[in-house]
Asker: 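This is the structure I want to talk about, given as structure tokens.
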Amino acid sequence: MSEAHIAPAPPVTLVIFGATGDLTRRLLVPTILNMTQSGLVNDSLTILGIGLEPGDDEMLRTKLEEFLTSSNIKANYSDEAWHRLRSRIFYFQGDFTQDAIYAQIDARLNADTSRNAAFYLAVQPRFFGDIVDKLSDHGLLTETDTSFRRIVIEKPFGTDLASAKALNARILNHVSEKQIYRVDHFLGKETVQNIMTARFANMMIESLWSNNFIDHVQISAAEIVDVGSRGKFYDGTGALRDMVPNHLFQLLAMVAMEPPNSFDAEAIRDEKGKVLKALRIYSAEDAAQNSVRGSYAAGPLNGNALPAYAETPDVAPGSTTETFVALKLYVDTWRWAGVPFYLRTGKAMTARDTEIVVTFRQVPFAQFKGTGPQRNLAPNRLIIQVQPDEGLHIEISIKSPGLSVDTVPISLDFNYADLFDIGKLTGYESLLYDLFIGDQTLFQRADSIEAGWAAVQPFLDLWAGSPAKPDTYLPGSMGPQASDELIERDGRKWHQPDVMHRVKAKTP
Ligand code: BG6
């Protein structure tokens with residue numbers, strides 16, 4: 001990653017609650033190492049880890065070094081970068097439910113010249129409120145004209161509408177919205193950030209971007225991974241809560257938002273918020289009609305025998321938690337009236353494939369009648385491939401060479417990796433840099449979080465009140481049969497991952 005033209009972030013202490021946990025070693029530290037090497041942060045960044053584990057600075061440094069080495073992450077960076085960062089990592093052993101540790105943190109921050117601090121809550125969600133209360137009680141969240149205090153919260157932000165509202169109210173009781181950085185890691189992905197550029201920097205795309213020309217939109221996030229060792233977390237969560245009101249809705253908001261007046265964070269967050277607030281809130285009956293939930297059965301996956309979801313360690317016997325969900329939603333705005341948004345996500349599926357497929361309306365067909373074997377023109381599609389193989393594909397019809405007018409669909413393919421050296425990004429670089437410089441564009445605002453939960457609440461209520469089990473699907477498939485039926489009864493089909501956007505013209 002070369003970021004020579006971007007100024008390094010201002011001095012800051014990143015205080016990480018949960019410093020010996022997975023998020024810190026797998027994402028936060030590798031990201032900061034990457035940023036150290038590329039000059040996005042310099043020696044004025046300090047990491048202060050907080051954890052229960054006994055030990056001192058050297059304990060945390062050694063533990064992180066061992067992990068970075070054994071996971072081959074360290075090999076991507078120079079020793080010089082690691083050693084510079086290593087010496088800036090500190091550790092306080094302490095219990096964040098008790099007062100003592102906060103006094104220690106306060107003393108440390110007061111000794112800093114900048115006194116800027118970002119508190120990263122890399123802990124279980126049930127502690128978010130308690131930590132913010134304590135930070136506030138100890139005066140740690142008070143900003144001055146020259147120093148900032150920010151809080152970073154990972155998802156899940158609440159487990160339903162009521163709990164999200166309660167958490168927002170509790171936190172906003174102590175700090176202003178400007179100090180809260182709610183992470184949705186999908187917003188750190190390059191292709192997700194590119195959605196706005198693809199739309200608003202290209203008249204060719206944006207001028208067609210409405211119900212006048214678009215038939216429907218599909219947003220899929222398929223994963224090959226199964227629930228594995230995450231049974232404890234996942235069984236109380238399920239595919240809907242885990243992926244929809246956050247990640248998939250962020251993609252949907254980017255696709256459906258109106259052009260913001262500027263690239264100012266609030267202008268963008270206003271427009272995204274309007275989309276999420278315009279999501280149709282279903283009655284129980286409509287929620288049942290427009291949703292499918294699935295749970296994977298036992299079967300082979302990647303050459304291994306995968307037990308059924310309900311047999312996964314730490315999953316309650318007879319669990320009705322879903323590992324797959326498909327929804328048909330509407331954004332009730334002038335631009336999107338009548339355009340269905342089909343969303344689906346699941347574990348243990350055919351492919352790892354996160355994509356947005358925008359299908360345009362058919363052209364009037366008349367003039368092609370009887371002109372060749374191709375009776376049904378393929379509709380134009382724009383496919384935003386979020387991961388893997390980040391890129392953008394435009395499917396159009398062309399005439400195949402020859403005497404007859406024979407139309408064939410072809411795909412104009414752009415793959416990021418073909419044109420750019422995208423290096424080894426963790427996906428958190430832009431999130432952390434923006435946190436340090438105080439740009440909230442890529443973070444979720446309270447109103448959007450609540451609007452997202454409001455739109456999924458009817459499905460949560462429906463399933464909570466139903467003895468029915470999710471439909472089963474085979475590992476390595478694209479979900480239960482009912483998911484295909486959900487879209488096929490509208491005369492449409494799910495886009496097949498990695499098939500259509502690789503279609504090339506047949507050579508005659
Ligand atoms: C997380 C979910 O937020 O996102 C996981 O909790 C999911 O269950 C993950 O696997 C998907 O993220 P990515 O970046 O791997 O697509």
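One-based numbering, in listed order, for ligands and for the atoms of each.
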Asker: Name the closest protein heavy atom to atom 15 (O) of ligand 1, giving the residue it belongs to and the distance to 0.1 Å.
Answerer: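 Of the protein heavy atoms, Arg352 NH2, 3.5 Å lies nearest.
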
Asker: Please list the nearest protein heavy atom to atom 6 (O) of ligand 1 with its residue and the distance rounded to 0.1 Å.
Answerer: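 In this structure, atom 6 (O) of ligand 1 has Asp242 OD1, 2.6 Å as its nearest protein heavy atom.
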
Asker: If you have a sec, work out which protein heavy atom is nearest atom 16 (O) of ligand 1 and how many Å separate them, to one decimal?
Answerer: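 Ranking protein heavy atoms by distance from atom 16 (O) of ligand 1, first comes Gln387 NE2, 2.5 Å.
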
Asker: What atoms in ligand 1 come closer than 4.0 Å to a heavy atom of Lys347?
Answerer: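 Under 4.0 Å from Lys347, ligand 1 has these atoms: 5 (C), 7 (C), 8 (O), 10 (O).
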
Asker: Starting from atom 10 (O) of ligand 1, which protein heavy atom do you reach first, and at what distance in Å?
Answerer: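 Of the protein heavy atoms, Glu223 OE1, 2.6 Å lies nearest.
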
Asker: Decide, yes or no, whether a salt bridge links Asp133 with Arg170 under the criterion of side-chain N to carboxylate O below 4.0 Å.
Answerer: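 Arg170 and Asp133: salt-bridged.
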
Asker: Judged on heavy-atom distance to atom 4 (O) of ligand 1, which of His185, Lys155, Glu154 sits nearest?
Answerer: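 The nearest heavy atom belongs to His185.
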
Asker: Please state whether the rings of Phe119 and Phe17 are parallel, tilted or perpendicular, taking 30° and 60° as the class boundaries.
Answerer: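 Plane angle between 30° and 60°, so tilted.
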
Asker: Considering residues at least two apart in sequence or located in another chain, which fulfil the salt bridge (Lys or Arg N to Asp or Glu O under 4.0 Å) criterion with Lys232?
Answerer: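 So Lys232 forms no salt bridge (Lys or Arg N to Asp or Glu O under 4.0 Å) with any residue.
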
Asker: Please work out which of the three classes, parallel, tilted or perpendicular, describes the rings of Tyr428 and His185, given edges at 30° and 60°.
Answerer: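 Rings of His185 and Tyr428: parallel, under 30°.
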
Asker: Any heavy atom of Phe186 closer to ligand 1 than 4.0 angstrom?
Answerer: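 The answer is yes, since Phe186 has a heavy atom less than 4.0 Å from ligand 1.
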
Asker: State whether a side-chain donor-acceptor pair under 3.5 Å links Tyr309 with Asp235.
Answerer: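 There is such a pair (donor and acceptor under 3.5 Å, judged by atom type) between the side chains of Tyr309 and Asp235.
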
Asker: With sequence neighbours excluded, tell me which residues meet side chain to side chain contact (heavy atoms under 4.5 Å, CB included) with Asn76.
Answerer: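 Testing Asn76 for side chain to side chain contact (heavy atoms under 4.5 Å, CB included), a comparison that skips the adjacent residues, returns Lys424.
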
Asker: Should you measure from each heavy atom of His247, which atoms of ligand 1 turn up under 4.0 Å away?
Answerer: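 Once the distances to His247 are compared, the set is 1 (C), 3 (O), 4 (O).
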
Asker: Provide, to 0.1 Å, the distance between atom 14 (O) of ligand 1 and the closest protein heavy atom, together with that atom's residue and name.
Answerer: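 Closest protein heavy atom to atom 14 (O) of ligand 1: Lys189 NZ, 2.5 Å.
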
Asker: Does the side-chain contact (heavy atoms from CB on, under 4.5 Å) test come out yes or no for Leu161 and Glu450, once each step is laid out?
Answerer: CA-CA 6 Å; Leu161 179 57; Glu450 292 175 15; 4.2 Å; yes

